[in-house]
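A short write-up of the structure that comes next.
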Amino acid sequence: MSTLTARDLMTPDVVTVPPETPVVAVARLLAERGISAVPVLDKAGKVMGIVTEADLIRRLAGAEDQPVGWLRSLFSDPGDQAARYARTHGSTAEEIMTEHVVSVTEADTAPHIAHLMEEKGIRRVLVLQDGRLKGIVSRADLLRALVSPPKEEGELSDERIRQAVLAAMRKEPWADTFYTLVEVRDGVVEFHGFMRTEQVRRGLKVLAEQVPGVKGVEDNTQPMPTYLYAGM
């Protein structure tokens, strides 16, 4: 997955709308196409924002909004109130759209995109180049990346794989490179020595599996003896 980029994952043919598109038409478009969002482009093809299902639901819910009381209005920002009013009562795509768009470039990797989605709590990112839309990457695209076969890489020697596993272990505070030894035979990582806990055993297996060139993992360790714990 780490070798895949937005260029590999994105849907290039994205449905878009101009800013003056009526809200009802946007809602109908999403329903008919089975999509959850649509970018808004100006006449020059630049991205202005995006209308999502959440924006449409917020617009629908706005019909039930009650006027803000005078006491609450004293502590509310007038600009924020006006912006919410426009988004919950607007009649065009431009008036209800989310203006702050999270975007990536075609070269950004799948892990970076996944991190952005997790951090921002969003379901898709736009792929932009100089402000122009190149495609869109959704959560579904990332899930497909998980099951995609990795790109072919040159065969790595057992010693290079061993060094890579040790380097990865040194980055993790829970991994022990003193009492847990690493050997690699024909691409299969073998752990020997002692293992502190079952959780560490599982963690090391996953860690080793992420190293390029690893074909399998064998755990030949034993539980950490009590006398060794006393010296740690």
Side-chain angles (χ1 to χ4, degrees), residues 1-12 36 102-129 134-232:
M1 179 177 174
S2 60
T3 57
L4 294 175
T5 66
R7 184 183 295 105
D8 304 312
L9 300 169
M10 69 181 186
T11 299
S36 60
V102 179
S103 65
V104 298
T105 68
E106 290 182 289
D108 284 319
T109 64
H112 174 70
I113 296 170
H115 177 77
L116 271 181
M117 289 186 182
E118 182 72 15
E119 181 182 47
K120 304 293 185 180
I122 55 179
R123 299 175 60 182
R124 87 282 301 161
V125 295
L126 300 186
V127 183
L128 304 182
Q129 180 177 333
K134 304 294 290 184
I136 190 168
V137 178
S138 67
R139 287 183 178 181
D141 295 322
L142 285 177
L143 290 178
R144 283 192 289 272
L146 279 172
V147 298
S148 296
K151 294 181 178 179
E152 293 296 328
E153 298 182 2
E155 194 73 21
L156 297 178
S157 69
D158 287 345
E159 180 58 25
R160 285 189 62 185
I161 294 174
R162 176 177 173 276
Q163 292 298 329
V165 172
L166 287 172
M169 289 174 66
R170 294 188 186 101
K171 294 179 181 179
E172 303 298 336
W174 48 265
D176 185 358
T177 57
F178 188 81
Y179 290 109
T180 303
L181 308 178
V182 180
E183 294 292 339
V184 180
R185 302 176 190 274
D186 298 324
V188 177
V189 175
E190 301 175 3
F191 289 113
H192 299 275
F194 301 104
M195 194 75 69
R196 283 181 290 175
T197 66
E198 185 61 31
Q199 289 87 344
V200 172
R201 186 191 305 273
R202 291 197 300 269
L204 283 182
K205 180 177 183 295
V206 172
L207 179 148
E209 290 172 341
Q210 306 307 305
V211 174
V214 171
K215 299 176 181 178
V217 180
E218 293 183 4
D219 189 298
N220 299 311
T221 61
Q222 301 176 18
M224 183 78 73
T226 304
Y227 69 87
L228 288 180
Y229 266 116
M232 296 177 66

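Worth saying up front: this structure is predicted, and the values here are computed from it rather than measured.
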pair Met224-Asp176: side-chain heavy atoms closer than 4.5 Å: yes

Point-to-point distance, once rounded to the nearest 0.5 Å, from CD of Glu106 to CG of Asp8: 10.0 Å

Salt bridge (charged side-chain N to carboxylate O under 4.0 Å, His left out) partners of Arg185, counting only residues at least two apart: Glu190

Gap separating the NZ atom of Lys134 from the OG1 atom of Thr105, nearest 0.5 angstrom: 12.0 Å

Minimum heavy-atom distance between Val104 and Asp108, given as atom pair plus value: CB-OD2, 3.2 Å

Rounded distance (nearest 0.5 Å) linking atom OG of Ser103 with atom CD1 of Ile113: 10.5 Å

Heavy-atom pair with the smallest gap, counting every atom of Leu142 and Ala110: CD2-O, 3.8 Å

Minimum heavy-atom distance Ala208-Val214, with the two atoms named: O-CG2, 3.3 Å

Distance in Å, Lys215 NZ paired with Asp158 CG, rounded so as to fall on 0.5 Å steps: 8.0 Å

Counterpart residues, salt bridge (charged side-chain N to carboxylate O under 4.0 Å, His left out), relative to Glu218 (two or more places apart): none

Cut-off 3.5 Å, no hydrogens considered: what does the side-chain donor-acceptor table look like for residues 115-129, sequence neighbours left out?
unit_1, atom_1, unit_2, atom_2, d
Arg123, NH1, Glu53, OE1, 3.3
Arg124, NH2, Ser36, OG, 2.7

Modelled atom types, side-chain donor and acceptor of Thr221 and Arg201, under 3.5 Å: yes

Residue pair Val211 / Ala164: nearest heavy atoms and the distance that separates them: CG1-CB, 3.6 Å

Gap between atom CG of Leu207 and atom CD of Glu172 - 0.5 Å precision: 6.0 Å

Partner of Val165 by side chain to side chain contact (heavy atoms under 4.5 Å, CB included), out of Val217, Leu204, Val182, Thr177: Val182

Distance-minimising heavy-atom pair for Thr180 and Phe194: OG1-O, 2.6 Å

CZ-CD distance between Arg202 and Glu198, expressed to the nearest 0.5 angstrom: 5.5 Å

